[in-house]
Amino acid sequence: MTALTAKVADSAPSPGASHPRRRGAELTLLAGAVLVSVLGHLYAGVATSGRIPEQSARYAAGLAVAALLAHLAVRLFAPYADPLVLPIAVLLNGLGLVLIRRLDLTTPGHAAADAQLLWSGLGVVLFVLVLVVLRDHRVLQRYAYLSVVAALTLMLVPVFFPAVNGAHIWVRFAGLSFQPGEFAKILLAVFFATYLAANRTALALTGRRIRRLRLRLLPGRVLGPILAIWLLSVGVLVLERDLGTSLLFFGLFVIMLFTATGRIGWIAVGLLLAGLGAYAVGTFEPHVHSRVEDWLNPFASIERGQGPGQLAQSLFAFGAGGLLGAGLGHGRSFLIGFAAKSDFILATAGEELGLAGVTAILALYALLVARGFRAGLALRDPFGRLLATGLASIVALQVFVIAGGVTGLIPLTGMAMPFLAQGGSSVVTNWIIVALLVRLSDSARRPGAGPEPDPWARTRTRSTRTRGTRTRTDIRPPEPEATA
Amino acid sequence: MIRYIRWCAYFCVLLLAALQVNLVRIQVWEAAALDANPANKRGAVERYARPRGDILVDGRPVTGSRDSRQLLRYERTYRDGPLYAPVTGFSSQTYGTSFLERAEDDVLAGTAPALAAFPLWHDLARSRPAGGRAVTTVRAGVQSAAYAGLAGKRGAVAALEPATGRILALVSSPSYDPGELSGTGSAVEDAWARLNADPDRPMLNRALRETYPPGSTFKIVTAAAALDAGVVTDVDAPTRTPDPYLLPGTRTPLPNASTGCEDASMAEAVQWSCNTVMARIGVRVGLRGMVEAAERFGFNDSGLRVPAWVSRSNFDTDMSPDQLALSAIGQFNTTATPLQMAMVAAAVANGGEIARPRLVERTTRRDGTQVKGGVRGSLGRAMNPATALRLQELMVKVVDEGTGRNAAVPGAVVGGKTGTAQHGVGNAGIPYAWFIGWARAEDAPVPAVAVAVVVEDAAARRGDISGNGAAAPIARAVMQAALSADRYPAP
């Protein structure tokens, strides 16, 4: 995790290495990701049934073909893209499939891995489509208002469908079910980025100043629409009782607003409001209240003689894993029962791969987030920067909300672990996010782009200090000081 | 904007770092507590995921495992459950384990480190060795004979091989089928409730865990104490004991159940079970000498394991002379387990030394290779060899021409002592019938078996007769079975 800060900070170019494409490195990493996933698949199969599972060849071929397709698309349509992003996505998705397939063995009759493989394939197809169709990310700014309308519509649709497990977030159609809210987060990120990029000067520099509080109020004319849309989206989510996504949207909004305006005071106000809101909802809304109670005392149901609740089972799973884990196929995380493959997938990783495995998974997420921020730093247009920041934050927030939930760090709210968890809409959405990050990083590293408009004084001083040890790819074009 | 993006990145790092710290907390710091939480079923699931190792009698398993196809997969089954219940105990998914199932649990469940031929390999492969086996010292023939003898009665039998301490039989009656308790669910809970509520207490292992007043069988201990202390030097010399004998310091007369005890010698007193003579001898040995002798035989020891623990047999260390007189004939608050009294007989049979009683011959892996062999241990010397020889003669006389004639086995030298213990307030209850003894085949150098039999509530009016009537025939059957089994030793 400290590596992340180092990498973000240490982004000065190495002399002479101008604009490497690094597609070969990406292909090698992809091969490694596919190999790790297939080996995991075989290990889990042998550990649980004593023989190599029948679908191994199909699984390996599917994963390899998907990875190759995605790689070709990157090579053809985004040749300068960051070579780490795609392999991380493939590895996480592959691991997710391994874990889901492994859990399928304990729930005969409720197989989910094949559907997940299909959704992952669809995700890769969409990844390719995004790269083919979207040649320049700035085009997205044209569709900002269309995005926001679409996002709100998507979020409203499930209200008209029956609730599943207490939440109106599902649309069931022709035997398939998906969560439209998942797609909405990309659309909202696009809208926020567009709007904030266009109005950031007004947001940052105008507005009445309250001297005593050392605060500057945001100008209502500019802030109004964005606040309204945000309130609307959060309101809809509260109605649907999808609190994880509400939390995600709120965090996304605050982060993007801060990135655009740099006003720390508003973050404080935002957090305060969120805290108050969370307290109110946690106290008065029974569904959420029970979650908060579970979080405060995960073992309360045991003391009442009702057996361990889901969170307690999840904690047991993590505890059983210990440092090195029980080994794929040797855990008992099926004891979690309901949602073991979706919300609680990380508990299976924790039990069977141990702290070592979960740390590796978190490191993969951290790396993915870092590469997103890095693209944001290297991009030259405000929209791109804000979009990259927003997309990277979505991944980080999502990981935090659900991983924190299942490990008892924060109250549990339903949300999919990106790429790992069972859930078609989530996987597809994450593939689109990764496609956008690839596109953004390609734009950032593409040669011949204009000079960086923002001053970057701090990095220069650092680059001279760390020049000797640099071995990585660099995003930014060489700077005069570095070559001198 | 660059600066703010960095701050956001730092913020995200902070979030992920918080997750990491929390993971370390759960997976390392609190892992042991989470594993130990009673609501965490992992231990149980793991424990019952594979068949449990078997307990063997005469080379044949008396236990088995049944695939229940449930979360706790393998359940224990018992062949001849009631017969071997005092040996095996139960292994229940609901109520835990008892006796051998408990004492050898780590071997049977496969968790004993010694089971792994290559411990590092099991760590690396994350596999566990299969459950091992516990080979008992019990002989099926002896066990069955004792069980058949007690059929329909309440009581217990403990039989030992005096030279080695091997327990040949351990029977408690009435018994129960431990298989009823193996699984989970309401049937098991009902069985548990029913067995616990049963007034006959079928789950009580009377051979190891119930203590009875030993009555006249304790006279062997008193006699050994007198001979070792030099209080009696000639067993055939008259002891000048009045009949009845006034308990010292009181006006309470102690009567005899048999006649001809006035001024009898100690040999006659053992042969005819004279209370007066032996009580007086006990008083002459003194409290300290009696306590030391009793403790050499194993009384007042609460640490005996065979490897299931054995209840403490009691001989009080602080008594007035009249209480000592009663204690010397196995009354007052002297109590003993049947195993303890079998050890008394075994001590005499083995020349005064007590071999540590044990129930497990060896533990093996599933393939039969030995993990741990039973080692002959010693509990020390209970009496001098000369004393033991003298007592052997006295005990043989009991069977040949004394109170224990029902225990005689053709073709064997049998020594014994009957007993009828007082029971209830003011001796109002029906007495327990005891018999302790040992047997040696005529052509054998040493006795092959020592036995203690106790029958509760033997319908008897007169003291020692009931020991001969109710307990001695069972002892005879057990000794006969042991002598014939001895010619065809178990593998």
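These values consider heavy atoms only, across backbone and side chains, with no hydrogens, waters or symmetry-generated copies. Lettering follows sequence order; numbering is per chain, from 1.
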Over 12 non-hydrogen atoms of neighbours within 6.0 angstrom of [atom1] in [X]:
X: B:Arg102; atom1: CZ; answer: no
X: B:Phe11; atom1: CZ; answer: no
X: B:Arg60; atom1: CZ; answer: no

Where [X] and [Y] come nearest, the two heavy atoms and their spacing:
X: A:Gly319; Y: B:Ala31; result: O-CB, 3.5 Å
X: B:Cys8; Y: A:Thr259; result: SG-OG1, 3.2 Å
X: A:Phe258; Y: B:Tyr4; result: CE2-O, 3.7 Å

>> Evaluate B:Asn22 against A:Phe318 for side-chain contact (heavy atoms from CB on, under 4.5 Å), listing each step before the verdict.
In response: CA-CA 11 Å; B:Asn22 190 47; A:Phe318 278 105; over 6 Å; no
So for [X], is it side chain, backbone, both, or neither that comes closer than 4.5 Å to the heavy atoms of chain A?
X: B:Asn40; value: both
X: B:Ala18; value: both
X: B:Val24; value: both

I'd like to know which of [options] tops the heavy-atom pair count under 4.5 Å against chain B.
options: A:Leu315, A:Leu323, A:Leu355; result: A:Leu355
options: A:Val395, A:Leu335, A:Leu386; result: A:Leu335
options: A:Gly408, A:Ala317, A:Gly350, A:Gly372; result: A:Ala317
options: A:Ile302, A:Ile410, A:Thr389, A:Thr407; result: A:Thr407
options: A:Gly404, A:Ala47, A:Ala320; result: A:Ala320
options: A:Gly354, A:Gly321, A:Gly376; result: A:Gly354

> To the nearest 0.5 Å, how far apart are CE in B:Met1 and CG in A:Leu377?
Replying inline: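 Interatomic distance, B:Met1 CE to A:Leu377 CG, rounded to 0.5 Å: 11.0 Å.
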> With chain A, which of B:Ala32, B:Ala39, B:Gly43, B:Ala49 has the greatest number of heavy-atom pairs at distances under 4.5 Å?
Replying inline: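 With the most close heavy-atom pairs to chain A, the winner is B:Ala39.
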> Are B:Glu46 and A:Arg332 close enough, and set up right, to give a side-chain contact (heavy atoms from CB on, under 4.5 Å), and what steps lead you there?
Replying inline: CA-CA 9 Å; B:Glu46 181 69 26; A:Arg332 312 282 181 194; 2.8 Å; yes
>> For a 4.5 angstrom cut-off between non-hydrogen side-chain atoms, does B:Leu23 reach A:Thr359?
In response: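 When only atoms from C-beta onward are counted, A:Thr359 and B:Leu23 do not touch, as no gap falls below 4.5 Å.
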> Is any side-chain heavy atom of B:Arg42 closer than 4.5 Å to a side-chain heavy atom of A:Gln313?
Replying inline: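 B:Arg42 vs A:Gln313: side chains touch.
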> Would A:Phe299 and B:Leu34 count as a side-chain contact (heavy atoms from CB on, under 4.5 Å) if you check the C-alpha gap in whole Å, the side-chain angles of each, and the deciding distance to 0.1 Å?
Replying inline: CA-CA 10 Å; A:Phe299 304 120; B:Leu34 288 168; 3.5 Å; yes
